[in-house]
Structures are given as C-alpha cells and as structure tokens.
Amino acid sequence: MNKNTILNKNNFSKIKKRRTFAIISHPDSGKTTVTEKFLLLSKVIHQAGTIKSKKSKKYAKSDWMEIEKKRGISVTTSVIQFSYLKHYLNLLDTPGHEDFSEDTYRVLTAVDSCLMIIDASKSVEKRTKKLIKVARLKKIPIITFINKLDRNTYEFIKILDDIEDKLKIFCIPMTWPIGSGKNFKGIFNFYNRQVFLYFKDFKTGHFTSIKSISIIDSFSLKKYLSKTEISTLLEDLDLIKSYYHKFNQKKFLQGLETPIFFGSALNNFGLNDVLDGLIKWGPHPKYRISKFRKIYSTEKNFSGFVFKIQANMNLKHHDRVAFIRIVSGKYIKGMKIFHVQTKKFSIINNAMNFVAGERFIINQAYPGDIIGIYSKGNIKIGDTFTEGENIQFSEIPKFAPDFFKCIFLKDSFKQKTLLRGLKQLSEEGVVHIFRPMVNTSLILGVIGNLQFDVILDRLKIEYKVLACYKSTNISHIRWIHSDNIKLLEKFKNENYSSLAYDYDNSIVYFSTSLFRLKTIISKYKHINFLKIK
Ligand code: G4P
C-alpha cells in the first residue's frame, strides 16, 4: 500500500458487509427464478411472480428495455441491491440470452464473486462454459448452485465430474441431495451436519415446509425417510468424504475450487444455503489494480470506475446513466468528484442505487456498491472517478465483434439522428461502428447476433429512426498496431480497401475469411493484428 494512502477504519465494518456478485448460467437454468427468490428471502419483494415470467410475458423488474419485455429476456446487465442477514448484496445481472455480449465481460470486472447456476437435468451447458472461462481468467471465486432437483436429474456425481472436466475447477459439495425428481426428499448440509427435509404441498405441488434433523438423530430420520433412503444417503456421504477434500476458503478465493449447493429455486429450497455461504466465505471488496498502484477498499478517498452505460433508461427524459463500481472511500451526497479522463470536477447530488430495478437517490454508498450517475455523453466505459487523484483503473477491453452488417436509413433525412443514436449505443458497448476508408457506408459489428435486433428496436423506440441492414461479406476484424510507422504506412497503402476506422478513429483491418486473415497475418509479421483493443 502507498505510504501516503490514508485509511478510513470506520468504513471497514461497512465494507466487510458487502458482497458484489454476478449470476452466470445458461438460459433457462433458473437465473430469474433464483434472483426472485433472493429478493423474497431479503423481503425486497413479497410475492413470487413480481419478476418476469416468460410465458405470461410479465417482465423482470430488472428489465428496462422494450425488447426485453417483448421477448422476456434480459438483454442488458442490471443491478439489484438487497440485504440479507445484515449484509448488503449487490447482484449484477448478466444477459440471459445465448448471444455473448461484451456486457458480460464488463460486468465481471465489477464483481468480486460469481454464482454459477446449473440445471441438474442438463449439467454444464455451452454458455456457462464460455462465461466461466472468463471468470476463471479473472480468478473470480465461483459458488455453484445446482438447480431443479425436483426434476429428473443427471446423477449428481456425474454433474460434479462434468463441472470439473469442462470448467477445470474442483468441486466441493457443501450440501448433498436426498433423492431427486418425484423422490426428492431434502438436503444434507455438511457444515451443520443437519438434514433438511422438504414436503410437497399437494395443493400447490410445491415443496414448502422445512424440517431440520441432526444426521445422528436416526430415530427422527426414520420417521421421515425410508430405510433405503437413509442407507443411500449414508453411502453417498461416505463416498463424498473419500472422494472430495474439505472446503478450503483460500483455494475458493483463488478461484481454484467451487463450493457446490443443491436445491430447487422454483420450490424455494437450498437458496438460503447459497446466501449463507456467500456471506460466510465470499469475498468482500478488497482492492482493484490501477495504472500506478493498487487501490484498497479501505482507503479514505473515494474512487470508482464505470463498467456500464445505459442510455434512455427513462424514455421521457432521454437520460444516460453511467454505472460506477465504488472501489474505495465513500460516496456522500453532494460530494465533489473528479472525472480523471476529462480532468473535471463536478458535484454529485443525485447518484442512484437500484433495488429490484427501481432507482433511489442515495445519501451514501461504500466500496462494492454500484451507483448510477447521469451522464451527458462525456463519460465512457472504463472511466475513473476519484476525489482528485490522477489514477486510472485498468482499462476494460473491447473485443473484436463476430457478426457484421451494413446499416441503412429508411428515411434519408435522419442521418444525423442515426449517427447520434449509434454513437450512444456504441458508448454503451452495444455495437462497434466502422467507417470504411474507401466509401461512406456504416458497418456495424456485434458480438451476439441478437444485438442487431436490439439496435434496430432501440433506434426506432428511442430515436424514432427507422433503419435496416444489408449483409456484408466481412467475417473478421482486427485492430492494427505497429510501432514501426514506415511499415504501418506500407501496410495501409497495400490494404487500403480492407481498412476502416472505428468509433475512436483506430484503424481496423476487415477480412472476408479466417484463411485470408491468417495469410495477411503471416505476410505482415511486423504488424500486430489485435483481437482485443
Ligand atoms: P433463466 O432466467 O435462467 O432463463 O431461467 P428462469 O428463471 O426464467 O427459469 C427457466 C424455467 O425454469 C422457468 O420455467 C422456471 O419456472 C423454471 N425453473 C426455475 N427453477 C426451477 C426449479 O427449481 N424446478 C423446476 N421444475 N423448474 C424451475 P418456464 O416454464 O420456462 O417459465 P415460467 O412460465 O415458469 O416463468
């Protein structure tokens, strides 16, 4: 720690009570249901069904955009704060659709841990694999919840093998199911050595009441479980004891092992174990790396970085909100904060936090919390805010998009509005805009195909611009970089028709096939072709 850094010991008790995490899962694993049950457990909402149901087309409190309401999916990352056992939990939602947007990468820069949800009837799925890969690269601690035990499931050991095999992380069972599907009876908790039994309410079809019995109380167990169920449970426990080692918090915090919890979100069981685990073992906000030094959460001065920008959250006001993850110090209403990139101070009176999708003006916030501040367009993703210190948190990378289309106006008078809309969407990270060097067309690049629909919908709803696409033969782009100006100029002259500028005027190379890209890369050895900017 820098010797000039002033610590604020008073903040530490608040910091220790913060958990900032994201849920990552494959679509339909139960992320929305889990979120809803967390909010029920924390009494933020009082009735199930407040969060969207896909069939009824109700929408999640955290879904802000029209397209999300229409499709019943969460396209953008939303933030929910709730309290549980005197702790404050900041849950950052990640897009639930199959398309893999940069939003997900960015949200992982703003959390301290992740909750991975796995559907027990499907085991590890494609999208989970992709997301966990990023979380593992960032060494983010991962807690696992194996959901939908009330359905026919894979063999539990096989699910754990699958996790270890596909996600390259050691599994440590913290709870263990007793039966599954129709025969689901409850869960054994390794830590308090209790068996939690669940009973099916025949009216609702849901498991409701919970009874907890010590594992050594065989007399009581026999009242609720058959002989076979008890002996299977004891055999399972023996197997687990010999096969899996004991939970090691240090290894969990290093992202090397994941504690495993079982349950059924829909039936509201098993999730309290997850939250208890998150509070007991999950990391509180510690530090973030900046260009010049580590910034500790316990430092007195406020600092934070922008990981998300959301335009037009309120269509009436056409506002734009920058989401800041607080790294250190304390936000106090009316404080003066310094925007490092523009070198400007401003007084912030209306920072918001988000509880189940509603916004509230707040008086104070601590490290780990997410605050939203209004932006006039001068704040960008990755920007740093401090009380005056000139630090810069590690930049949030931009990833080369995978899908490309040319965008055209249906109404040619609205060119300026189209550009304004695209500029704002690009600042949010929804789209990459490229201007080819040889003509005036506008090429859009996205990481997930669904983004194209989102863009047209948002241009229509938020900017009243009707646009359409034409396909392009571009298949790959790379940002071009070289310290050798002469070679760079030579490359540019020889490949002029395949070059374009991105939104920040950096040069990109367009290729029509992977083969062509590889050929060019091997031809121009002194040029860096970057997939990540
Ligand atoms: P997602 O956000 O990850 O996409 O999943 P979501 O919570 O929307 O859940 C997907 C489906 O799985 C929903 O059913 C939901 O009710 C169901 N589900 C979630 N948890 C459980 C569970 O523990 N057991 C069972 N049996 N089902 C579960 P749906 O029919 O697609 O939608 P809905 O009409 O019920 O909302």
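Each ligand, and each atom within it, is numbered from 1 in the order the structure gives.
Ionic pairing of Glu427 and Lys423 is present here: one or more N-O contacts between side-chain nitrogen and carboxylate oxygen are shorter than 4.0 angstrom. A salt bridge links Asp112 with Arg288; the closest basic N to acidic carboxylate O contact falls under 4.0 Å.
More than 12 non-hydrogen atoms from other residues, nucleotides or ligands lie less than 6.0 angstrom from CZ of Phe196.
Proximity of Arg151 to ligand 1, defined as any heavy-atom pair under 4.0 Å, is confined to the side chain (atoms from C-beta onward). When heavy-atom distances to ligand 1 are checked against a 4.0 Å cut-off, Asp150 comes that close only through its side chain, counted from C-beta outward.
Proximity to Ser264 (heavy-atom distance under 4.0 Å) selects the following atoms of ligand 1: 22 (C), 23 (O), 24 (N). Residue Lys31 has at least one heavy-atom neighbour below 4.0 Å for each of these atoms of ligand 1: 1 (P), 2 (O), 3 (O), 5 (O), 7 (O). The Thr32 neighbourhood of ligand 1 comprises atoms 1 (P), 2 (O), 7 (O), 8 (O), with distances under 4.0 Å to a heavy atom of that residue. Each of the following atoms of ligand 1 lies closer than 4.0 Å to a heavy atom of Asp28: 1 (P), 3 (O), 4 (O), 5 (O), 10 (C), 12 (O).
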Identify each donor-acceptor pair in which a side-chain atom of residues 274-282 lies under 3.5 Å from a protein atom, sequence neighbours left out, and give them as a table.
from   : atom 1 : to    : atom 2 : distance (Å)
Asp276 : OD1    : Tyr84 : OH     : 2.8

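A donor-acceptor pair is defined here as one N or O able to donate and one able to accept, closer than 3.5 Å; no such pair exists between the side chain of Arg18 and the backbone of Gly368.
The shortest N/O to N/O separation between Ala265 and ligand 1 falls below 3.5 Å. The N/O atoms of Gly30, backbone and side chain alike, include one that comes under 3.5 Å of an N/O atom in ligand 1. Looking at ligand 1, you won't find any N or O of Pro27 less than 3.5 Å from one of its N or O atoms.
A cation-pi arrangement, defined by a distance under 6.0 Å to the six-membered ring centre and an angle within 45 degrees of its axis, is present between Lys405 and Phe452.
When the heavy atoms of Asn152, Asn147, Thr33 are ranked by distance to atom 15 (C) of ligand 1, first place goes to Thr33.
The side-chain contact (heavy atoms from CB on, under 4.5 Å) test with Ile326 singles out one residue from Phe385, Tyr366, Tyr331, Phe305, and that residue is Tyr331.
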